[in-house]
**Q** 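Can you keep this structure in mind? I'll have questions shortly.
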Amino acid sequence: QQQVKQSPQSLIVQKGGISIINCAYENTAFDYFPWYQQFPGKGPALLIAIRPDVSEKKEGRFTISFNKSAKQFSLHIMDSQPGDSATYFCAASMVDKLIFGTGTRLQVFP
Amino acid sequence: NAGVTQTPKFQVLKTGQSMTLQCAQDMNHNSMYWYRQDPGMGLRLIYYSASEGTTDKGEVPNGYNVSRLNKREFSLRLESAAPSQTSVYFCASSLEGVNYGYTFGSGTRLTVV
């Protein structure tokens, strides 16, 4: 019940395309859903986050879609750029700690 | 601002050796965390400290100990290293729990041979 399942494991997208990463959870006590972006050799950095009372949040080219009834949420990267090539982690929080998904390695080719 | 500083950046240990990973933050954050990152496993929580003077186990605490030395510093100790502890270790901090987002350090790459 503590798990956050993330897919796909890897994703290859052409420049200008849409990248979509999906996550699913079981525990309805989770109340905060952030996405983190990690470049090689660096620590993860907070990208965007959403709470379950909102169905969508957009920041620039990055959008989180949240489906509370399906217990799923996804990250959409519009107009994907080579600079977006990184590993993306979804996460969910309960009380005072984050549970992370297993990560998606995104490669955007020119 | 340095943010979250981890030392060392790289370390090779022999099986059975001990070592302490250091973490310090200069953002006056209350909560600190230790995660390990392994291929295909994502980030798994080892221990965390919600506030100065408290520590709690995460998902994978076996083989580790922690010390919240003061508000700034949170160390992770491996008493008797095992090859299964080969990993990249990340320290993170947050102002007041998860809802303020985490700031991560740049990691310590540990190899146990």
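No experiment lies behind these values; they were computed from the predicted model shown. Just so we're on the same page: letters track the sequence lines, and every chain starts at 1.
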**Q** Should we count CZ of A:Arg105 as having more than 12 external heavy atoms under 6.0 Å?
**A** no
**Q** Is it true that A:Val108 and A:Leu75 fall in one hydrophobic cluster, defined by side-chain heavy atoms closer than 4.5 Å?
**A** yes
**Q** In the single-linkage hydrophobic clustering (I, L, V, M, F, W, Y; side-chain heavy atoms under 4.5 Å), do B:Met32 and B:Tyr64 co-cluster?
**A** yes
**Q** Taking everything shown except A:Gln9 itself, do over 12 heavy atoms lie less than 6.0 Å from its CD?
**A**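 Not more than 12 within 6.0 Å, no.
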**Q** Give a yes or no on whether B:Val4 and B:Leu76 share a hydrophobic cluster (residues Ile, Leu, Val, Met, Phe, Trp, Tyr; joining criterion: side-chain heavy atoms under 4.5 Å apart).
**A** no
**Q** With a 4.5 angstrom heavy-atom cut-off, could you sort out which part of B:Gln37 is near chain A: side chain, backbone, both or neither?
**A** side chain
**Q** Applying side chain to side chain contact (heavy atoms under 4.5 Å, CB included) to A:Phe100 and B:Glu59, what does each step give before you reach the verdict?
**A** CA-CA 11 Å; A:Phe100 283 86; B:Glu59 304 166 77; over 6 Å; no
**Q** Please list, in residue-number order, every residue in residues 40-57 of chain A that has a heavy atom less than 4.5 Å from any heavy atom of chain B; write 'none' if there are none.
**A** A:Gly41, A:Lys42, A:Gly43, A:Pro44, A:Leu46, A:Arg51
**Q** Kindly work out whether a path of hydrophobic side-chain contacts (I/L/V/M/F/W/Y, heavy atoms less than 4.5 Å apart) joins B:Tyr47 to B:Met19.
**A** yes
**Q** Tell me whether A:Ile64 is reachable from A:Ile21 by hopping between hydrophobic residues (I, L, V, M, F, W, Y) whose side-chain heavy atoms are closer than 4.5 Å.
**A**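 As far as the 4.5 Å side-chain criterion goes, A:Ile64 and A:Ile21 are connected within one cluster.
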**Q** Please name the pair of heavy atoms, one in B:Leu45 and one in A:Lys97, separated by the smallest distance, quoted to 0.1 Å.
**A**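 So the two residues come closest at CD2-CD, 3.5 Å.
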**Q** Can you confirm whether A:Tyr36 sits close enough to B:Leu43 that some side-chain heavy atom of one is under 4.5 Å from a side-chain heavy atom of the other?
**A** no
**Q** Which answer fits A:Gln38, side chain, backbone, both or neither, if we ask what part of it has an atom under 4.5 Å from a heavy atom of chain B?
**A**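 Only the side chain of A:Gln38 comes within 4.5 Å of chain B.
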**Q** Are any non-hydrogen side-chain atoms of A:Ile99 and B:Arg44 less than 4.5 angstrom apart?
**A** no
